[in-house]
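Side chains are part of it too, since the values below use all heavy atoms of this structure and drop only hydrogens, waters and symmetry mates. To find a chain, count down the sequence lines: A is the first, B the second, and so on, and within it residues start at 1.
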Amino acid sequence: MTFEFVWIPKPPAFSLSATVSVEYAWWEEERYTDGVKWKFLEHKGPVFAPPYEPLPSNVKFYYDGKYMKLSPGAEEVATFFAKMLDHEYTTKDVFRKNFFKDWRKEMTSEEKSKLTDLNKCDFSEMSEYFKAQSEARKAMTKEEKLKIKMENERILQEYGFCVMDNHKERIANFRIEPPGLFRGRGDHPKMGMLKRRIRPEDIIINCSKDSKHPKPPPGTKWKEVRHDNKVTWLVSWTENIQGSIKYIMLNPSSRIKGEKDWQKYEMARRLKKCVDRIRAQYREDWKSKEMRIRQRAVALYFIDKLALRAGNEKEEGETADTVGCCSLRVEHLTLHQEMDGQEYVVEFDFLGKDSIRYYNKVPVEKRVFKNLQLFMEDKEPEDDLFDRLNTSILNKHLQELMDGLTAKVFRTYNASITLQQQLNELTTSEDNVPAKILSYNRANRAVAILCNHQRAPPKTFEKSMQNLQTKIDAKKEQLADAKRELKSAKADAKVRRDEKSKKAVESKKKAVQRIEEQLMKLEVQATDREENKQIALGTSKLNYLDPRISVAWCKKLGVPIEKIYNKTQREKFAWAIDMAEKDYEF
DNA sequence: CCTGGGACTTAGAAAAAAGACA
DNA sequence: TGTCTTTTTTCTAAGTCCCAGG
């Protein structure tokens, strides 16, 4: 098994005190069973955001057309806004209002009394300055770029790894989030608020007692150093926008993340074994005389059939207004007794996680339809559809149906089983490799559609499609030429009847074949890209599809694993690549 | 039961790096 | 060898789910 990290040849400036090996197969070792996550943990702490560098004096800020020198604190916050000036965010009312309110808190009392209207603030010189800086960065010489790269590599080597139980592991996010303006997604009531700078005094360090504790920067102190081996994080701090805790944790390639990921798929496979029983049960429950049981059963049906998320309650006004299954409101669905020749159609239209729109028209069984009518009766649009249900009730029920079962397991299960089925349906061993990969992507796509993984169509999508079409046209012409040449070579060979012309025919034939193959590849690529316009495959690949299904498929059909997983993905799924044989079944 | 905090997974956008192309 | 395009990596927000304490 190869399990590679990128090592630079020179030794790091600092070495962790334990003796460790990097290459190891954690999946061959024994696991903790008692909630203990590790016995030894040593790391160097976080990397803080670079301190603020004041603007050069020739970069000016104007208020109401007049130059104004800002105090360092106010200037820093102003630069956050200036850096986003080209972004749509800065045109939004809520963003501007929140920003201005927080900016004023950083101003001196003099500034506060002068700067009273954001519309009169002119950040354009700052904005130009930052654009020029980023241009300058692009235009740096090779040597300068290399120097920066080396420095980053050094920091990675020093801070990017930790030792957990005899093994050196990669840390995922060892850099503290820099200060800036909060960018929520969708209609977020807090967009534009100032995300404050994190100092050592805000930081809680978690490591083992017997490790070399990380040192805070000179002249500073950590908030706390604790030794909690029931959790996996190395560093935490409380963020000021929502008041939630942020963590530094390990990379997906690490043992601690990998084991959990593996477990997740094993849980989904357990669901596979009893899903028929559970489905029969909730169908029975549609008829229950108890409203709460009916609601629970219909919600579970949606979660199973449509792969909806559980839908926890959210605090109103604190976040964007989004919902999942249990938090659906009456206004999010429309019932159609009959639609497009189908009976009992439910039209869903709501914003889900990340304010991604879920829009779907689904024919449902009569009993479900009737239940929905009942749930919606005498309710206002903004009322909860499932007023007798929440995620806690639902999960408690699921727990009783199968040990460890929760709502999200259905998403994992349905995603993985769909991939497996689609791969079986779409691929044949006779196909060539590009055709197999197109089929794989289509199977992956079916899952992404099920899970509603969308992306904004790339800004350059149309152009990139056109470019590809141009290539295809050129290739077609090239093919026509090659065919013509082949024809004349054949005619020539017929007249001459010598070895040389025969050989010429053969080589022309080969050329035609090669070009045909290239053309096919381009056409497949075009199809793939077109179908992928608004669909994001990455999320399902990384979080929902049992990697062993993909590994087995590759092994069975002779597709190199690199065609399916890039380097990062291969690192994350090293366990599956090592374990799964071609006959693996989810 | 209900609430809030805590720990962890999942998510798309944006930035950076790599690759293709002129 | 720079320039444009595509892929990969980084970033951090936004979910899920569990648990403690009232």
Side-chain angles (χ1 to χ4, degrees), chain A residues 35 37 84 87-89 134 137-139 142 145 148-149 152 156 160 172-178 180 182-186 188 190-191 195 204 206 228 230-233 236 238-239 241-252 256-257 260-261 263-264 303 309-315 318-320 322-327 351-356 390-396 398-399 404-412 415 448 451-456 458-461 463-465 467-468 471 525 529 534-544 565-569 571:
Chain A
K37 303 292 169 67
M84 293 175 76
H87 203 286
E88 204 202 328
Y89 271 116
S134 95
R137 228 170 303 131
K138 273 186 221 155
K142 255 190 185 154
K145 283 182 181 166
I148 292 174
K149 204 175 169 179
N152 281 334
L156 173 67
N173 55 327
F174 56 91
R175 288 171 199 275
I176 299 278
E177 296 170 20
F182 176 75
R183 307 151 84 120
R185 305 194 179 207
H188 197 116
K190 298 194 172 183
M191 64 167 79
K195 207 169 93 161
I204 302 175
N206 193 33
D228 182 356
K230 298 287 203 320
V231 298
T232 67
W233 54 268
S236 77
T238 301
E239 152 270 351
I241 303 289
Q242 322 272 358
S244 66
I245 308 171
K246 299 246 175 168
Y247 303 94
I248 291 181
M249 290 183 185
L250 297 195
N251 189 271
I256 203 126
K257 294 291 182 189
K260 199 80 186 294
D261 206 39
Q263 256 180 36
K264 172 181 77 185
I303 284 170
R309 295 187 185 82
N312 285 306
E313 293 116 298
K314 303 171 72 184
E315 225 178 317
E318 296 291 303
T319 58
T322 63
V323 298
C325 186
C326 294
S327 50
L351 297 182
K353 181 177 179 181
D354 292 318
S355 293
I356 297 291
N390 60 38
T391 54
S392 154
I393 297 172
L394 179 65
N395 280 334
K396 224 163 270 160
L398 292 175
Q399 186 60 238
L405 187 62
T406 63
K408 81 192 269 282
V409 180
F410 281 87
R411 255 168 97 82
T412 311
C451 295
N452 200 231
H453 292 141
Q454 299 187 29
R455 61 167 184 177
K459 288 209 166 57
T460 53
F461 184 83
K463 205 174 101 199
S464 119
M465 277 317 284
N467 291 161
L468 200 48
K471 271 195 201 168
Q525 207 186 347
R529 192 175 299 180
Q534 306 202 62
I535 297 168
L537 299 186
T539 301
S540 50
K541 202 183 217 177
L542 233 45
N543 300 297
Y544 288 102
Y565 291 139
N566 67 29
K567 180 169 149 284
T568 312
Q569 294 166 161
E571 281 169 7

With sequence neighbours left out, what residues match [X] under salt bridge (Lys or Arg N to Asp or Glu O under 4.0 Å)?
| X | answer |
| --- | --- |
| A:Lys264 | A:Asp261 |
| A:Lys138 | A:Glu135 |
| A:Lys190 | A:Glu318 |

Starting at [atom1] of [X] and ending at [atom2] of [N], how long is that distance when rounded to a whole Å?
| X | N | atom1 | atom2 | value |
| --- | --- | --- | --- | --- |
| A:Glu315 | B:dG4 | CD | C1' | 9 Å |
| A:Asn173 | B:dA11 | CG | P | 18 Å |
| A:Arg411 | B:dT9 | CZ | P | 16 Å |
| A:Lys541 | B:dT10 | NZ | P | 17 Å |
| A:Ile256 | B:dT9 | CD1 | C1' | 14 Å |
| A:Lys246 | C:dT12 | NZ | P | 7 Å |
| A:Leu250 | B:dA7 | CG | C1' | 14 Å |
| A:Leu351 | C:dA14 | CG | P | 13 Å |

_Residue whose nearest DNA chain B nucleotide is more 5′ - A:Arg455 or A:Asn390_ =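 Comparing both residues, the 5'-ward one is A:Asn390.
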
*If each of A:Asp228 and A:His453 is mapped to the nucleotide of DNA chain B with the nearest heavy atom, which maps nearer the 5' terminus, i.e. the 5' end?*
A:Asp228

Among the candidates [options], find the nucleotide nearest to the side-chain atoms of [X].
| X | options | value |
| --- | --- | --- |
| A:Val231 | B:dC8, C:dT8, C:dA13 | B:dC8 |
| A:Ile245 | B:dC8, C:dT12, B:dA7 | B:dA7 |
| A:His188 | B:dG6, C:dA14, B:dA11 | C:dA14 |

Would you mind classifying the nucleic acid contact of [X] as base, sugar-phosphate or nothing, using non-hydrogen atoms under 4.0 angstrom?
| X | value |
| --- | --- |
| A:Pro252 | nothing |
| A:Phe182 | sugar-phosphate |
| A:Ala172 | nothing |
| A:Lys190 | nothing |
| A:Thr232 | sugar-phosphate |
| A:Leu542 | nothing |

Is there a donor-acceptor pair under 3.5 Å between the side chain of [X] and the backbone N or O of [Y]?
| X | Y | result |
| --- | --- | --- |
| A:Gln399 | A:Gly404 | yes |
| A:Glu239 | A:Ser244 | yes |
| A:Asn390 | A:Asn312 | no |
| A:Tyr89 | A:Gly184 | yes |

Hey, does the side chain of [X] come within less than 4.0 Å of [N]'s phosphate (OP1/OP2), counting only N and O?
| X | N | answer |
| --- | --- | --- |
| A:Tyr544 | B:dA11 | yes |
| A:Lys264 | B:dT10 | yes |
| A:Arg529 | C:dT6 | yes |
| A:Ser464 | C:dT5 | no |

*asked:* For nucleotides 14-22 of chain B, give me one character per nucleotide, 5' to 3': B if any protein heavy atom sits under 4.0 Å from the base, S if the only such contacts are to the sugar-phosphate, - if neither.
replied: S------S-

_One character per nucleotide, please: for nucleotides 15-22 of chain C, 5' to 3', B when the base has a protein heavy atom closer than 4.0 Å, S when only the sugar-phosphate does, - otherwise._
SBBS----

_Ring geometry between A:Tyr247 and A:Trp233 (parallel below 30°, tilted from 30 to 60°, perpendicular above 60°)_ = tilted

*Nearest nucleotide by nearest heavy atom, which residue falls closer to the 5' end of DNA chain C, A:Glu239 or A:Asn566?*
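Result of the comparison: A:Asn566.
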
*Could you check A:Arg185 against A:Thr460 and say which one's nearest nucleotide on DNA chain C is further toward the 5' end?*
A:Thr460

*Atom pair CD1/CZ of A:Ile303 and A:Arg411 - distance to nearest 0.5 Å*: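 With rounding to 0.5 Å, CD1 (A:Ile303) is 10.0 Å from CZ (A:Arg411).
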
*Tell me, please, which residues at least two apart from A:Glu177 pass side-chain hydrogen bond (donor to acceptor under 3.5 Å, both in side chains).*
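side-chain hydrogen bond (donor to acceptor under 3.5 Å, both in side chains) list for A:Glu177, sorted by chain: A:Lys195, A:Lys246.
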
*For A:Ser355 and A:Arg185, work out which heavy atoms get closest and say how close.*
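Scanning both residues, the minimum pair turns out to be OG-O, 3.8 Å.
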
